[in-house]
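Inspection log for the structure reproduced underneath, given as structure tokens.
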Amino acid sequence: MADGRPQDITEEQQRAAQLIWDYHRLRHEPRACDAAIALGCNDIGVSTHAARLYRSGLFPTLVFTGSNSADTLGAFPRGEAVHFHEHALALGVPAHAMLLEPKAANTGQNIAFARETLTAAGVRPRSVLLVTMPYMERRAFATFRKQWPEVEVVCASDPLPLDSYLKAMGDERTVISMMVGDLQRVMAYPDLGFAIPQHVPEDVSDAYESLIRDGFTSHLLRH
């Protein structure tokens, strides 16, 4: 089965994807932090959720970070952070509460450049609420802890179940392939110095290998 063909997801593939989805989600309890950083991606729901958390009073300052990738150029031609910022503004987040970081091209740069943006604005947080896609929580957490270990990080994402998220995004095979790719990065990036190590349970590893055999490979790193 080749990734990208218009084929239904089997029950076995759904079970494997659920294991990986559950592993990626850290289920931190959202709480008040000194600032929030929302990571750009192909999911405008990250901006929606960040706006929701701001309206809940969990942080005074929100950074949107991200330029473009091949997955986002069509949807967000002026850059992920720019579109996310505009979306949050339309949802009622005031301009004075938001900072824009439009240059980051990967997760490490998201964290590093957002930190620089906060510092330039005179914000030196002791805690950060990191807002991401649901299946990006673990990798973002591991990257943040490597990049900025002295600051406490709490991860947050839209609490949708997997089946609802797949329907909302509209392309189940691509989303599952991206989840597989994120798990590969969780495992590979510590050795490259990009993130702290994360334990991967055997059943999650087996699910990963199963989905790779079934062709969910479009977002894997190429060696």
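No hydrogens, no waters, no symmetry mates; every other heavy atom, side chains included, goes into these values.
- Contact check for Asn42 versus Met133: side-chain heavy atoms found under the 4.5 Å cut-off.
- We find the CZ-CG distance between Arg15 and Leu162 to be 13.5 Å, quoted to the nearest 0.5 Å.
- Closest of all the heavy-atom pairs between Cys155 and Leu26 is SG-CD1, 4.0 Å.
- For His28 and Phe141, the distance between ring centers is under 6.0 angstrom.
- A donor and an acceptor atom, one from each side chain of Tyr165 and Asp43, are located under 3.5 Å apart.
- Using a 4.5 Å heavy-atom cutoff, the side chains of Glu80 and Val46 are not in contact.
- Here the closest non-hydrogen pair linking Ala104 and Thr65 is CB-OG1, 3.5 Å.
- Scanning all heavy atoms of the two residues, the minimum distance from Leu19 to Val204 falls at O-CG2, 4.0 Å.
- Side-chain N or O atoms of His24 include one that pairs as donor or acceptor with a backbone N or O of Met179 at under 3.5 Å.
- A salt bridge does not link Asp214 with Arg173: none of the charged nitrogens is closer than 4.0 Å to a carboxylate oxygen.
- Note that CG of Leu129 and OH of Tyr54 are 14.0 Å apart. Values are rounded to the nearest 0.5 Å.
- Under a hydrophobic clustering in which Ile, Leu, Val, Met, Phe, Trp and Tyr are joined whenever their side-chain heavy atoms come within less than 4.5 Å, directly or via other members, Val186 and Ile196 fall into the same cluster.
- For the pair Ser47 and Phe84, the tightest heavy-atom approach, listed with the atom from each and the gap, is OG-O, 2.8 Å.
- Asp158 CG to Thr48 OG1: the interatomic distance, rounded to the nearest 0.5 Å, is 8.0 Å.
- Looking only at side-chain heavy atoms (C-beta outward), Leu58 and Pro30 come within less than 4.5 Å of each other.
- The main-chain N or O of Asp206 is never found under 3.5 Å from a side-chain atom of Ser210 such that the two would form a donor-acceptor pair.
- A salt bridge is defined here as a Lys NZ or Arg NE, NH1 or NH2 lying under 4.0 Å from an Asp or Glu carboxylate O, and Arg31 with Glu152 meets this definition.
- Sorted by first and then second residue, the side chain to side chain donor-acceptor pair (under 3.5 Å) pairs with a member in residues 126-147 read Thr107-Arg139, Glu137-Ser157, Arg138-Gln198, Arg139-Asp182; sequence neighbours excluded.
- Using a 4.5 Å heavy-atom threshold, the side chains of Leu91 and Arg55 count as touching.
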Check the pair Asp34 / Arg124 against side chain to side chain contact (heavy atoms under 4.5 Å, CB included), numbers first and verdict last. CA-CA 8 Å; Asp34 296 328; Arg124 291 173 173 80; over 6 Å; no
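- Using a 4.5 Å cut-off on side-chain heavy atoms (C-beta onward), Val154 and Leu130 make no contact.
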Carefully, step by step, assess Phe216 and Ile212 under the rule side chain to side chain contact (heavy atoms under 4.5 Å, CB included). CA-CA 5 Å; Phe216 292 85; Ile212 288 177; over 6 Å; no
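- Residues Thr217 and Arg222 share a closest heavy-atom pair of O-NH2, 2.7 Å.
- Atom CZ of residue Arg115 and atom CD of residue Gln109 lie 15.0 Å apart, to the nearest 0.5 angstrom.
- The pair Glu86-Arg78 counts as a salt bridge, with a side-chain nitrogen and a carboxylate oxygen less than 4.0 angstrom apart.
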Go through it in stages, so that I can follow the logic: the residues are Phe194 and Arg185, the test is side chain to side chain contact (heavy atoms under 4.5 Å, CB included), and I'd like the CA-CA distance, side-chain angles, deciding distance and then a yes or no. CA-CA 9 Å; Phe194 298 160; Arg185 288 160 175 79; over 6 Å; no
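- Between the NZ atom of Lys103 and the CZ atom of Phe113 there is a distance of 8.0 Å, given to the nearest 0.5 Å.
- A distance-only check finds no donor-acceptor pair linking the side chain of Arg213 to the backbone of Tyr208 [under 3.5 Å].
- In this structure, the side chain of Glu172 does not engage the main chain of Ile9 through any donor-acceptor pair within 3.5 Å.
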Audit row: Trp148, Ile37, side chain to side chain contact (heavy atoms under 4.5 Å, CB included) steps and yes/no: CA-CA 13 Å; Trp148 208 354; Ile37 299 172; 4.2 Å; yes
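- The line from CG of Leu89 to CZ of Phe64 is 9.5 Å long, rounded to the nearest 0.5 Å.
- Formation of a donor-acceptor pair under 3.5 Å by the Glu209 side chain with backbone atoms of Leu211 is not found in this model.
- His219 and Ser177 make their closest contact through CB-O, 3.7 Å (heavy atoms, listed as atom of the first residue, atom of the second, distance).
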